[in-house]
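For reference, the structure discussed in these notes is given below.
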Amino acid sequence: MSSLVLDRIGQLVTNDPGVGDGSPLGQLHDAAVVLDHGRVQWVGPAEGAPAADERVDAGGRCVLPGFVDSHSHLVFAGDRTTEFEARMTGQPYTAGGIRTTVAATQAATNDELAATLDRHLEEMRRQGTTTVEVKSGYGLTTADEARALRIAAQRTSETSFLGAHVVPAEYVDDPAGYVELVTGEMLAACAPHARWVDVFCEQGAFDADQARTVLAAGAEHGLGARVHGNQLGPGPGVQVAVETGAASVDHCTHLSATDVEALAGSSTVATLLPGVEFSTRSPYPPARALLDAGATVALASDCNPGSSYTSSIPLCIALAVREMHMSPAEALWAATAGGAAALRRTDVGTLRPGARADVILLDAPSYVHLAYRPGVPLVHQVWLGGNPHTVSQRGFGPLGS
Ligand SMILES: [Zn+2]
């Protein structure tokens, strides 16, 4: 693989607080980055950049680490347009939407599931996402959960077993029997294809004891813990996540002061998913309280056909700034380094030398434009492990014209 120097960068975000302005974003101006053998080889002022086989002139634009989307549900079939339209027009909405997707997913062929997954992954890459976590959870039988994870694991190393997504219809009278299935035969079939175990700890899904049982069983198979918690109302999700040392607790929409304090004093990342609140017209999570208390915050899409059918991290950043009062810098950090922390990764979400060469070139002078220009496709080019993934076919005009 040939080396590449990306120079004349107006604003370079490294997420390395040891360089540049000393802020968490580690910003440099008039900078260059050299990519070689799939890694970031060198970062520094443009005039000091070493020679490389190829050169890309950023023309004063902004360069960022690729987005790390640490929460998605992309192995699914079917469509829930009607449900969304009903919700948006105020018609009565009944829960159980997940089961609609489960039925469609179970009925789909492997090729159909793989094609849908590939289409959404491509959509994500075009918008700057270079690392993505994918969950199962729409199979809910041993065979269907295992095939979802097999398909996902062929495309990403960040796969989560979410058999404990919802109690399927055939177990509504025997939830304990379903937990037994999830932690027994289903887990054994799924663990070889998963890095993580996840559980939906919420009223109407799984309670604290069931969640602990699921996470402990996953740990015995070497799976790290993640939790869906405190989405629909206050609950034990955050406490369970913190006490089990989960890498992340996701949603965090309804938090008590005790929850915020527990997160701030732990290594569990609070992953906020504002696409959900946007798409379900719900109150947003208390990002400010979490940040002010010192908790680590990540932003992710939760891309799924029911509650958040967006694959766009730039949209999530814009919502975090506009609706959750995160600063543009906090939102960008949360969608890159924060996502990496939620996946316990140190090789992505940063552009320090040695990191994976996952890079975004924006057609904008500053990352602030991600929130300032919502809905505008500003991602011009993406490099995945140093390989160019062309997003825009149009050339650059002069910046500012
Ligand atoms: Zn989710």
Side-chain angles (χ1 to χ4, degrees), residues 68-76 78 80 83-84 95-102 105 116-117 120-121 124 129 131-140 145 148-149 152 156 158-168 182 190 194-206 211 214-215 218 223-233 235 237-238 240-241 246-254 268-280 282 284-285 297-313 315-316 319 334-335 338-339 342-343:
V68 178
D69 189 344
S70 60
H71 187 141
S72 82
H73 303 250
L74 295 182
V75 186
F76 70 89
R80 283 158 64 184
E83 176 190 317
F84 177 78
I98 291 173
R99 293 194 186 97
T100 311
T101 300
V102 169
T105 304
T116 301
L117 174 56
H120 290 99
L121 290 174
M124 287 181 160
T129 296
T131 301
V132 59
E133 181 264 15
V134 176
K135 302 175 196 301
S136 66
Y138 294 127
L140 306 189
E145 285 292 298
L149 286 163
T156 178
E158 299 297 343
T159 51
S160 301
F161 167 49
L162 182 59
H165 196 187
V166 67
V167 176
V182 166
C190 289
R195 179 172 179 220
W196 304 98
V197 60
D198 197 342
V199 57
F200 191 13
C201 181
E202 194 85 39
Q203 199 152 19
F206 299 88
V214 168
L215 298 177
L223 305 185
R226 322 185 68 73
V227 175
H228 280 66
N230 300 65
Q231 176 190 355
L232 304 173
V238 165
V240 169
S248 181
V249 55
D250 300 34
H251 288 288
C252 294
T253 310
H254 297 272
T268 300
V269 173
T271 300
L272 310 183
L273 311 166
V276 176
E277 283 76 33
F278 178 78
S279 303
T280 58
S282 303
Y284 288 87
V297 170
L299 282 173
S301 70
D302 195 12
C303 187
N304 78 83
S307 58
S308 180
Y309 199 10
T310 181
S311 51
S312 172
I313 291 291
L315 172 68
C316 296
L319 291 173
L343 295 171

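Computed over heavy atoms, backbone and side chain alike; hydrogens, waters and symmetry mates excluded. In this text, all values refer to a predicted model and were calculated from it rather than measured experimentally. Start at 1 and go down the list; that is how both ligands and their atoms are numbered.
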Item to check | Whether His165 and His228 hold their rings parallel, tilted or perpendicular, with breakpoints at 30° and 60° | outcome: tilted

Checklist entry - Quick one: how many protein N/O/S atoms are under 2.8 Å away from the Zn ion (ligand 1)? => result 4

Checklist entry - Have Glu133 and Ser160 got a donor and an acceptor in their side chains that come within less than 3.5 Å? => result yes

Next on the checklist: Is it true that Thr100 and Glu83 share a donor-acceptor pair across their side chains at a distance under 3.5 Å?
Outcome noted: no

Checklist outcome for this item: The side chain to side chain contact (heavy atoms under 4.5 Å, CB included) partners of Asn304 (sequence neighbours excluded) come to His73, Tyr138, Asp302, Ser307, Ser308

Checklist entry - Is Thr268 reaching over with its side chain to a backbone N or O of Ala247, donor-acceptor style, under 3.5 angstrom? => result no

Next on the checklist: So, applying side-chain hydrogen bond (donor to acceptor under 3.5 Å, both in side chains) with Asp198, which one of His71, Arg226, Lys135 is it?
Outcome noted: Lys135

